[in-house]
**Student:** 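Dropping the structure in here first, questions after.
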Amino acid sequence: MAAIHKPAHDIIIKPVVSEKSYANSDMGQYTFVVAPNANKVQIKQAIEQIFNVKVTNVNTLNRAGKRVRTRAGFGQRVSEKRAIVTVAEGQTIDIFGN
């Protein structure tokens, strides 16, 4: 089965801006919310295309949305897939705008 090619900006949805992801950026690791059906190879190619960096490693995790109480009963937060991308030594991605 041939892989379906998606544009890079359809695979990488947004960066995760949190204390933990900011601390990992010192080690060359950056966290992104990605499309739920994207695989590691597609994520690597999309990051390299968008940010012009060499990706050395991609780790993915699926986060299930939590059940939350609302005024009308119970709801569900959105589930998302995240990718922790490690870039080559000496390269950086400026996702925090500093």
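One-based numbering along the sequence shown.
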**Student:** Can you measure from NZ (Lys66) to CZ (Arg77) and round to the nearest 0.5 angstrom?
**Tutor:** 5.5 Å
**Student:** Using side-chain contact (heavy atoms from CB on, under 4.5 Å), reason through Asn59 and Arg82 one step at a time and then give a plain yes or no.
**Tutor:** CA-CA 8 Å; Asn59 294 336; Arg82 290 186 176 194; over 6 Å; no
**Student:** With distance as the sole test, does Lys81 use its side chain to make a donor-acceptor pair with the main-chain N or O of Ala38 at under 3.5 Å?
**Tutor:** yes
**Student:** If we only count heavy atoms from C-beta on, is the Gln45 to Ile43 side-chain gap below 4.5 Å?
**Tutor:** no
**Student:** Identify, with sequence neighbours excluded, every residue that meets side-chain contact (heavy atoms from CB on, under 4.5 Å) alongside Thr86.
**Tutor:** Gln29, Thr56, Asn57
**Student:** Exactly one of Thr92, Val16, Ile84, Asn24 should register a side-chain contact (heavy atoms from CB on, under 4.5 Å) with Tyr30. Which one does?
**Tutor:** Thr92
**Student:** If only atom types and distance count, is the side chain of Gln91 paired as donor or acceptor with the main-chain N or O of Lys54 below 3.5 Å?
**Tutor:** yes
**Student:** Determine all donor-acceptor pairs shorter than 3.5 Å in which one atom belongs to a side chain in residues 7-14; sequence neighbours excluded.
**Tutor:**
none

**Student:** If I compare all heavy atoms of Gly65 with all of Gln76, which pair ends up nearest, and what's the gap?
**Tutor:** O-NE2, 2.7 Å
**Student:** Would you mind writing out the side-chain donor-acceptor pairs for residues 46-53 within the sub-3.5 Å range, not counting sequence neighbours?
**Tutor:**
unit_1: Glu48; atom_1: OE2; unit_2: Val55; atom_2: N; d: 3.1

**Student:** Does Lys44 reach the side chain of Val85, with side-chain heavy atoms less than 4.5 Å apart?
**Tutor:** no
